[in-house]
Number of protein chains: 2
Amino acid sequence: MKLYSKAARHLVAVDCIIFGYDILEKEIKLLLYKRSIKPAKGKWSLAGGFVEDDESLDEAAYRILRKITGLDSVYLKQSHAYGDVKRDPGDRVISVSYFSLIALRNIKKEIAEKNGVHWRSLSRLPNLIFDHHEMVSRALSSLQAQVKVNPVGFELLPDKFTLVQLQCLYEAIYLRKMDKRNFRKKILLMNILEKLDEKETVTSKKGAYYYRFHEEKYDKLKKSGFYFNLDVN
Amino acid sequence: MKLYSKAARHLVAVDCIIFGYDILEKEIKLLLYKRSIKPAKGKWSLAGGFVEDDESLDEAAYRILRKITGLDSVYLKQSHAYGDVKRDPGDRVISVSYFSLIALRNIKKEIAEKNGVHWRSLSRLPNLIFDHHEMVSRALSSLQAQVKVNPVGFELLPDKFTLVQLQCLYEAIYLRKMDKRNFRKKILLMNILEKLDEKETVTSKKGAYYYRFHEEKYDKLKKSGFYFNLDVN
DNA sequence: CCAAAAGTGTTCGAATTACACCCATGA
DNA sequence: TCATGGGTGTAATTCGAACACTTTTGG
């Protein structure tokens, strides 16, 4: 049905802020690519695309994410809608931003490189087109708020990770150091991690035990009124 | 410029979740109106409208708010974008929701009634069209999160208010009772309220002192690293 | 004088912070 | 054997929760 025929129609895009965590460099990275169309062709940009007639906003975001990363089931959350009339010099485009968390290693290199995408450290971003910097900083705030209150940080890590790695991830997200003993105490007391027998022996001689996020435990706890909260000095 | 000529164009609307606080009934109310166009003509709806070519999303939301309430400078914050293909049976419409806080008394009755709008208690809402219920519940969550961390609750009260009124407002937002002594202790210790000499003597014989939100104090404190936090048992 | 609402402090327990040394191991 | 990173516990403090009586005054 087309009952609103007189109203204006707009180009609507989605832009994806794709966060990854580099476990070696201990840095949050962003997936950027060099824009292939005019205007601002060749400039650094978030991954984005126009919303089609037959897809929802969420579906559009997934489509773009899948196309660029080759990944299927990833954490994806709407962040904010940007609607300034002149935000895109190419035309009036309303854009809804999404942020996504992916484990760096999972991304298929070939697909990524074929699409001309690159991981760039959050702390040394190049200039981005349009209002993409604003999108990033808003998404980072959302990310910081999210990981405090939901166990989504694990999305950025491999299945098996050490407590040191987990802490480094949180430090990278919050841009500050945390106390090792307090951090470990808090996360372990939650009882949502499973300690494995295996050790990670690359970064230290002694080796650090691997842990795994135990989703069933977490779901059960959550149902019985438990709230994840990882907020340490 | 029109550089993206091949992409699909969409109707984009904004819908406003307008919260008011009824200081007498101690209830949060929502400004609803009876839809005047097909489909769902005559059904209860949020205040909304299509985004024009020459206005941003924020501007569109302000325009609608102004038209419906006659008010100019109100608290308005983007909440979420809704993009399901079939969310509106009239046509494919992408809608960005905004929530707004206004002091009930400020609204100009004539304008409101001329527009056929009505305040409805949040706890006994009628059926709303489309996905407007979801918009409301998401906006309520945002409101709850906001008033915890920012002094925006005052937007829902008159300039002068008593501590009892402030507490009742918080209780209405959180849907639970709070401890009187702890509440007062916490808000007063923040040192962002100004106690007036005047008393409110309608609801009690003794009378309750009026307070005012002292914005300058708050701004100063905020600059020096203070964080508003009103989270009481 | 009494009903009704405003106003006021203290105690207890839990959570958060601060803090420094031993352990295991490969080179 | 020693350098490197992993792992651990306790004391002090702060913060949040629970809780009940006095005050004022109009009718």
Side-chain angles (χ1 to χ4, degrees), chain A residues 23-26 147-149 157-158 160-172 174 176-212 221 225-233, chain B residues 23-26 144 147-149 157-158 160-172 174 176-191 193-212 221 225-233:
Chain A
I23 212 165
L24 298 175
E25 299 187 36
K26 300 177 182 175
V147 295
K148 190 169 292 194
V149 138
L157 291 173
K160 299 183 296 187
F161 51 85
T162 70
L163 293 184
V164 176
Q165 290 169 340
L166 182 62
Q167 181 175 348
C168 287
L169 168 65
Y170 270 78
E171 291 178 343
Y174 287 129
R176 64 180 170 85
K177 290 283 172 198
M178 295 175 171
D179 182 274
K180 183 163 56 157
R181 280 177 286 191
N182 294 337
F183 181 88
R184 292 156 99 65
K185 199 191 312 172
K186 193 141 191 189
I187 186 71
L188 287 177
L189 264 174
M190 285 191 208
N191 200 33
I192 56 176
L193 295 187
E194 176 188 6
K195 186 178 188 171
L196 307 183
D197 285 330
E198 204 181 344
K199 280 187 165 188
E200 190 268 2
T201 49
V202 179
T203 46
S204 91
K205 295 158 184 169
K206 183 180 178 182
Y209 280 105
Y210 275 123
Y211 287 78
R212 207 197 318 253
L221 282 167
F226 162 83
Y227 287 100
F228 182 89
N229 181 280
L230 196 38
D231 196 3
V232 184
N233 62 308
Chain B
I23 210 164
L24 298 174
E25 299 187 38
K26 299 176 182 174
Q144 291 172 338
V147 295
K148 191 169 291 195
V149 137
L157 291 173
K160 299 183 297 188
F161 51 85
T162 70
L163 294 183
V164 175
Q165 289 169 341
L166 183 62
Q167 183 177 344
C168 288
L169 168 65
Y170 269 79
E171 291 177 343
Y174 287 127
R176 64 182 169 83
K177 291 283 171 199
M178 295 176 171
D179 181 274
K180 183 162 55 155
R181 282 176 284 190
N182 292 337
F183 182 88
R184 296 162 89 92
K185 199 192 314 173
K186 192 141 192 187
I187 185 72
L188 287 177
L189 264 173
M190 285 191 208
N191 202 32
L193 295 187
E194 176 187 7
K195 186 179 188 170
L196 308 182
D197 286 328
E198 203 182 344
K199 280 186 164 187
E200 190 269 1
T201 50
V202 179
T203 46
S204 92
K205 295 159 182 170
K206 184 180 178 183
Y209 280 104
Y210 275 122
Y211 287 77
R212 208 199 315 256
L221 281 167
F226 162 83
Y227 286 100
F228 182 91
N229 181 280
L230 196 39
D231 196 3
V232 184
N233 61 308

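Throughout, a chain's letter reflects where its sequence line sits, starting with A, and its residues are numbered from 1.
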Taking only distance into account, with no hydrogens and no angle test, what donor-acceptor pairs under 3.5 Å do side-chain atoms of residues 180-193 of chain A form with protein atoms, sequence neighbours excluded?
unit_1	atom_1	unit_2	atom_2	d
A:Asn182	OD1	A:Lys185	NZ	3.4
A:Asn182	ND2	A:Asp179	OD1	3.4
A:Asn182	ND2	A:Asn233	OD1	3.2

Atom pairs and distances, donor-acceptor, side-chain atoms in residues 164-171 of chain B, under 3.5 Å, two or more places apart:
unit_1	atom_1	unit_2	atom_2	d
B:Gln165	OE1	B:Thr162	N	2.9
B:Gln167	NE2	B:Glu171	OE2	3.0
B:Gln167	NE2	B:Met178	O	3.0
B:Tyr170	OH	B:Val147	O	2.9
B:Glu171	OE2	B:Met178	N	2.9

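Looking at B:Tyr174, its side chain does come within 3.5 Å of a backbone N or O of B:Gln144 through a donor-acceptor pair.
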What does the list of N/O pairs under 3.5 Å between the protein and nucleotides 22-27 of chain D look like, with a distance for each?
unit_1	atom_1	unit_2	atom_2	d
D:dT23	O2	B:Lys206	NZ	3.1

Each nucleotide N or O in nucleotides 10-13 of chain C that has a protein N or O under 3.5 Å away: list the pair and distance.
unit_1	atom_1	unit_2	atom_2	d
C:dT10	O4	B:Lys185	NZ	3.0

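One can place CZ of A:Phe183 at 16 Å from C1' of D:dT8, the figure rounded to the nearest angstrom. Atom CZ in A:Arg184 sits roughly 18 Å away from atom P in C:dT16 (whole-Å rounding). In this structure, the NZ atom of B:Lys177 is 17 Å from the P atom of D:dC19, given to the nearest Å. Rounded to whole Å, the distance from CG on B:Asn229 to P on D:dG16 is 7 Å.
Heavy-atom distances under 4.0 Å link DNA chain D to A:Val164 of residues 163-170 of chain A, given in residue order. For residues 186-196 of chain A, proximity to DNA chain C is found at A:Lys186, defined as any non-hydrogen atom under 4.0 angstrom from a strand atom.
Residue B:Tyr209 holds its OH atom at 8.5 Å from OH of B:Tyr211, rounded to the nearest 0.5 Å. Considering CD1 of B:Ile23 and CD of B:Glu25, their distance stands at 12.0 Å, rounded to 0.5 Å.
Helix-axis bend for the helix from C:dC1-D:dG27 to C:dA27-D:dT1: the local axis fitted to the five terminal pairs at one end deviates from that at the other end by 10°, rounded to 10°.
Remark: B:Lys205 pairs with no residue by the side-chain contact (heavy atoms from CB on, under 4.5 Å) rule, at least two apart or across chains. A search for ring-ring contact (aromatic ring centres under 6.0 Å, His included) contacts involving B:Phe161 returns B:Phe154, not counting sequence neighbours. Legend: residues meeting side chain to side chain donor-acceptor pair (under 3.5 Å) with A:Lys160, ordered by chain and number and at least two apart, are A:Glu198. With sequence neighbours left out, A:Thr203 forms a side chain to side chain donor-acceptor pair (under 3.5 Å) with A:Glu200.
Scanning all heavy atoms of the two residues, the minimum distance from B:Gly207 to B:Ser204 falls at N-OG, 2.8 Å. Residues B:Arg176 and B:Asp231 share a closest heavy-atom pair of NH2-OD1, 4.1 Å.
For residues 187-206 of chain A, no residue pair satisfies the ring pair (Phe, Tyr, Trp, His ring centres under 6.0 Å) rule, not counting sequence neighbours.
Taking the nucleotide of DNA chain D with the nearest heavy atom to each of B:Asp231 and A:Tyr209, the more 5' of the two is matched to A:Tyr209. When each of B:Val232 and B:Lys180 is assigned the nucleotide of DNA chain D with its nearest heavy atom, B:Val232 is the one assigned upstream, toward the 5' end.
Across all strands, A:Thr203 comes closer than 4.0 Å only to sugar-phosphate atoms, never to a base (heavy-atom distances).
Shown here is B:Lys26, whose NZ atom has no more than 12 heavy atoms of other residues, nucleotides or ligands within 6.0 Å. The number of heavy-atom neighbours closer than 6.0 Å to NZ of B:Lys177, taken from other residues, nucleotides and ligands shown, is 12 or below.
Between A:Arg181 and the phosphate of C:dC19, there is no side-chain N or O to OP1/OP2 separation shorter than 4.0 Å.
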